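Below you'll find the structure, written out as structure tokens, and then a few comments.
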Amino acid sequence: MAVKAAAPKAAAPRIRRISHPSLDERLAKGRTARDRTPPSSHAGWSPAADRPDPVGLLVQQDRTREQDLVPVRHGRMMVSPFTFYRGAAKIMAADLKDTPTAGLGAQLCGDAHLSNFGMFASPERRLVFDLNDFDETLPGAFEYDVKRMAASFLIAGRNNGFAKADARAAAMASVAAYREAMADFARMPTMDIWYAHFDEDRFRTVIQDALAAETSAAVKKEKAKAAKKGQKDSKQAKVAKEAARRAEKNLAKAHTRDSVQALSKLAELVDGQYRIVSQPPVIVPARDLAATFGLSPDQIIPALHEQFRAYRATLPDDRRKLLEKFRIVDAARKVVGVGSVGTRAFIVLLEGRDAQDPLFLQIKEATASVLEASLPRSRYRQHGERVVQGQRMMQAASDIFLGWTKGVDVNRHFYWRQLRDMKGSALVELMAPVTLGYYAQMCGWTLARAHARSGDPVAMAGYLGRDDAFDRSITDFSERYADRNEQDYEEFVKAIRSGRLQAVEGV
């Protein structure tokens, strides 16, 4: 009688060991890092001798983008050194590669410039202020995000015509707020860090504090100058009041930005059915995309349905069940942002109980993070999932419809979210120095909270220290990088003027 061979045993799953060092050990790790990489080492930055051609790096990115949109991207970047900086994450990633780091990691935004912070709705329908762009997210050295953030404030200050001292003060305020917030998080219970958030009530408090500070400073200045008798407000105080008024208006406007409002702006009623309005090249409906993707209108919608089903499968069961109550009505390609222009991005109009119950979803292409050239690749091989998981790790509250899928071309990856969910952003170009300074504090606190969720706030606080050495060092880096950014911008514009690059302005 033959004896049946025993089936081979399945390999035991690998169990990742989690260490739990004591508070003293965590603090010692940060202080050891401070000795190894002093905060002062971040100052004195200069470009590497073998620094890649910045225009060449942009051309490299352009190769995988929608070619009809590449000139739009260039046109948006050439508006100013600040808009150029927004689109130049790949250039800065190459520059950060060889800068000093303390060896303390966290989940990075990867593109933490000041315009990538903003307001949006939490699942509880409250406005929260947080990071809102994670296309480049990847675990890495926390300094990368801090430097990207601080330099953006210095560049924005220059763009607004601020005095050198005012632009420098805004950058330093962002770093000081980061350091001080990390010290607070180091003292917090673990769950308190996880639940910490910046809501609209706190936002209003910041606005009022900024207004009070500017008014007080203006009064002192006017008294010192023996201002005209009876004058109640100085020019600076009036600017601060106007900034506060705009901020309140933006908060109110954010509450109205939802799918119903988007329907009135982006769609039209045709034969009893809404469809997305064509506004080329910014919005091109699916019915007009045949030439771009080689698919007929009859092929595009079925392909979209297939993608929609795959995306739904990445959602938790309750969100998937909710989304199943909606059906796809129309879709379009929609250009968004500055640095993202040219990557594939779409909007999808869905309908619930009837035509007056819309839901707009946005689909954005996720390519490899610009940080992957210098950091280990993500554990997520699907870049859409990388973006979604990084966002969930860093945000205090995330869109309930965050999910991911591959494209019809399986080599392209995408993530999905709501198009408008009470989203609002600061009008940085209209900010006065004191307003930008307070905004810098908001962003610094928010970035520290995001890093504290995945990193070790005790070790990071130990490294950052109690003095302002880190603040001054990063601000010095920011000034030097702002100078380099201006030179890169000039080279970029020169490449457009010479015909090396094509640009379409005003789109």
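Computed from a prediction, not measured in an experiment: that's the story for all the values here.
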Quick one: which of D471, V146, I474 gives a side-chain contact (heavy atoms from CB on, under 4.5 Å) with Y178? V146
I'd like to know if D456 pairs up with R26 as an ion pair, taking the criterion as any Lys NZ or Arg NE/NH1/NH2 lying under 4.0 Å from an Asp or Glu carboxylate oxygen. yes
Decide, yes or no, whether a salt bridge links D467 with R34 under the criterion of side-chain N to carboxylate O below 4.0 Å. yes
Looking only at non-hydrogen atoms, find the nearest pair between A450 and L131 and report the distance. CB-CD1, 3.9 Å
Would you name the heavy atoms of H413 and H383 that are closest together and state the gap between them? ND1-N, 2.9 Å
Let me have the donor-acceptor pairs involving side chains of residues 40-47, under 3.5 Å, with sequence neighbours excluded, atom names and distances please.
residue: S41; atom: OG; partner: P38; partner atom: O; Å: 2.6
residue: H42; atom: ND1; partner: K147; partner atom: NZ; Å: 3.2
residue: H42; atom: NE2; partner: Y463; partner atom: OH; Å: 3.0

Without hydrogens or angle criteria, can the side chains of R417 and Q391 be said to hold a donor-acceptor pair below 3.5 Å? no
Mind checking salt bridge (charged side-chain N to carboxylate O under 4.0 Å, His left out) for D488 and listing every partner two or more places apart, or none if nothing turns up? R51, R484
Salt bridge (charged side-chain N to carboxylate O under 4.0 Å, His left out) partners of D35, counting only residues at least two apart: none
Could you check, using the six-membered ring where one of them is a Trp, whether W445 and F185 have ring centers closer than 6.0 angstrom? yes
Does K494 come within less than 4.0 Å of E490, counting only side-chain N to carboxylate O? no
May I ask you to check if R148 and Y85 form a cation-pi contact, with NZ or CZ under 6.0 angstrom from the six-membered ring centre and within 45° of the axis? yes
